[in-house]
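Here is the structure we will look at, set down as structure tokens.
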Amino acid sequence: MPELPEVEVTRLSFAARIANARVLAVTTGKPLRWPLGCLPSALVGQSVLAVRRRGKYLLLDLDKGLLLIHLGMSGSLSFAVQLPASGAHDHFELATTQGCLRLNDPRRFGAVVFTLDEGSPMALKLLGKLGMEPLSDEFDPVAFQRGLKARRTAVKQVLLAGELVVGVGNIYACEALFHAGIRPTALAANLSGGRAGRLYDAIREVLARAVQRGGSTLRDFSSADGSAGHFQLEAMVYARTGKSCKVCGTSIKSIRQGQRSSFFCPKCQRN
DNA sequence: CAGTGGGCCTGAGTGC
DNA sequence: TGCACTCAGGCCCACT
């Protein structure tokens with residue numbers, strides 16, 4: 001499940017190699033979450049100037065316009081001079097002068113969207129409400145604490161919503177909450193300043209560590225050069241229901257919150 | 001207005 | 001073996 005670390009690792013694995021490449025051809029497969037927003041032929045001849053990331057979106061800067069790529073929950077990118085023949089789940093491909101960029105996405109929750117700039121209606125719809133970047137200097141502990149105070153719902157839901165801080169999906173929300181000693185069900189507005197501060201630190205540490213380890217490969221994630229991630233080996237709670245806590249030995253519990261699983265240690269994490 | 005829950009989509013896993 | 005069912009979950013959107 002691509003969260004911020006997987007998207008960033010993907011970006012790092014092909015950004016330099018695709019820089020300044022010119023698009024030779026575009027191939028589309030089955031429909032993704034949103035339509036491309038232009039004729040595929042409109043991309044031909046443009047150059048890819050840079051690859052940036054905003055939250056879980058990759059932004060490919062073109063001469064004229066911007067390509068937004070989201071991996072959904074089962075998407076992965078490959079970039080190589082020569083790729084194998086395309087398969088049933090390859091739904092977008094950019095052939096360039098420096099190699100081929102391909103999106104494989106069995107569940108098709110992902111998207112590739114062309115937009116003229118970050119101020120366009122579609123870009124605003126997708127990017128407009130995104131919160132702070134947790135690994136950047138703009139991630140402000142005071143603003144983070146204020147944001148938590150303003151939300152009358154479970155802290156885990158606030159992290160997943162992405163309007164306060166971006167890039168934290170189910171895995172890293174569970175892991176960060178464990179490291180901060182906070183139960184996923186704790187009400188955001190009730191967290192003390194100290195606990196909010198520990199959560200702030202935990203988010204930064206968990207995400208930075210996951211990027212270092214190449215992300216988490218649970219089923220089939222790999223970066224654009226094909227390498228797998230290893231952070232899942234360091235998971236303290238995620239998908240460890242019934243196993244013993246690596247800190248205190250207590251059995252890890254799982255609950256449902258907003259139709260998704262939360263994992264926590266009942267002893268190390270309190271409300 | 002904020003918060004909640006449905007639906008999108010397919011493959012892996014489980015039980016009968 | 002095969003079928004029906006559940007689950008994975010990021011995100012938008014309709015609803016309360």
Side-chain angles (χ1 to χ4, degrees), chain A residues 1-10 28-35 37 53-59 68-77 86-92 103-113 115 120-131 133-134 146-177 184-190 203 207 210 215-222 229 231-232 235 237-242 254-264:
Chain A
M1 339 282 139
E3 302 179 28
L4 185 149
E6 289 74 31
V7 177
E8 179 64 8
V9 165
T10 296
T28 56
K30 286 189 185 176
L32 293 164
R33 174 155 196 166
W34 295 293
R53 181 189 55 75
R54 178 75 178 99
K56 296 171 191 168
Y57 288 88
L58 286 172
L59 284 64
L68 306 179
I69 301 179
H70 197 289
L71 300 178
M73 59 173 289
S74 61
S76 60
L77 288 174
S86 63
H89 300 310
D90 295 325
H91 303 302
F92 185 84
L103 173 68
N104 180 277
D105 186 1
R107 267 164 267 184
R108 292 193 282 127
F109 277 35
V112 180
V113 174
T115 178
S120 73
M122 190 59 182
L124 285 176
K125 182 177 106 168
L126 299 180
L127 309 175
K129 289 205 293 183
L130 295 184
E133 283 290 338
R146 258 204 316 268
L148 290 176
K149 274 266 170 281
R151 300 296 299 280
R152 275 176 303 283
T153 186
V155 59
K156 167 112 180 296
Q157 314 276 58
V158 177
L159 296 182
L160 293 183
E163 294 180 15
L164 181 57
V165 57
V166 292
V168 185
N170 207 25
I171 300 171
Y172 299 109
C174 289
E175 293 300 308
L177 286 165
T185 48
L187 291 183
N190 288 352
I203 290 169
L207 293 179
S216 298
T217 297
L218 291 178
R219 268 203 190 88
D220 47 14
F221 168 76
S222 64
F231 185 81
Q232 71 279 5
V237 289
Y238 185 80
R240 297 193 69 248
T241 312
S254 67
I255 55 170
R256 300 286 292 176
Q257 271 184 299
Q259 10 269 49
R260 57 195 72 168
S261 300
S262 293
F263 305 89
F264 66 97

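For clarity, every value in this text was computed on a predicted model and none was experimentally measured. Letters go in sequence order (proteins before strands), and every chain restarts at 1.
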[X] has an atom [atom1]; how far is it from atom [atom2] of [N], in whole Å?
X: A/D105; N: C/dA8; atom1: CG; atom2: P; value: 18 Å
X: A/F109; N: B/dG11; atom1: CZ; atom2: C1'; value: 12 Å
X: A/L71; N: B/dC8; atom1: CG; atom2: P; value: 22 Å
X: A/Q257; N: B/dG3; atom1: CD; atom2: P; value: 15 Å
X: A/L159; N: B/dG3; atom1: CG; atom2: P; value: 14 Å
X: A/E6; N: C/dA8; atom1: CD; atom2: C1'; value: 14 Å
X: A/N170; N: C/dA8; atom1: CG; atom2: P; value: 9 Å
X: A/K30; N: B/dG11; atom1: NZ; atom2: C1'; value: 13 Å

For A/R53, salt bridge (charged side-chain N to carboxylate O under 4.0 Å, His left out) partners two or more places apart: A/E8, A/E133
In chain order, what residues pass the side chain to side chain contact (heavy atoms under 4.5 Å, CB included) check against [X], with sequence neighbours excluded?
X: A/R108; result: A/K30, A/P31, A/L32, A/H91
X: A/K129; result: A/E163
X: A/P184; result: A/K156, A/L177, A/Q257, A/S262, A/F264, A/Q269
X: A/D90; result: A/S86, A/R102, A/N104

Under 3.5 Å donor-acceptor, A/E3 side chain and A/K56 backbone: no
Under 4.0 Å protein heavy-atom contacts per nucleotide of nucleotides 11-16 of chain C, with B for base, S for backbone only and - for none: BSS---
5'-most by nearest nucleotide on DNA chain B - A/Q157 or A/R108: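 The residue mapped nearer the 5' terminus is A/Q157.
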Look at the side-chain N and O atoms of [X] and state whether any lies under 4.0 Å from the OP1 or OP2 oxygen of [N].
X: A/S261; N: C/dA8; result: yes
X: A/Q259; N: B/dG6; result: yes
X: A/S74; N: C/dA8; result: no
X: A/H89; N: B/dC9; result: no

Bend angle of the helix from B/dA2-C/dT16 to B/dC16-C/dG2, from helix axes over five pairs at each end, nearest 10°: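 Taking the rotation axis at each end, their angle is 50°.
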Non-neighbouring partners of A/F92 that pass ring-ring contact (aromatic ring centres under 6.0 Å, His included), sequence neighbours left out: none
Qualifying residues under ring-ring contact (aromatic ring centres under 6.0 Å, His included), relative to A/Y57, sequence neighbours excluded: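 So A/Y57 forms a ring-ring contact (aromatic ring centres under 6.0 Å, His included) with A/H70.
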A/L148 CG to A/N190 CG distance, which is reported to the nearest 0.5 Å: 11.0 Å
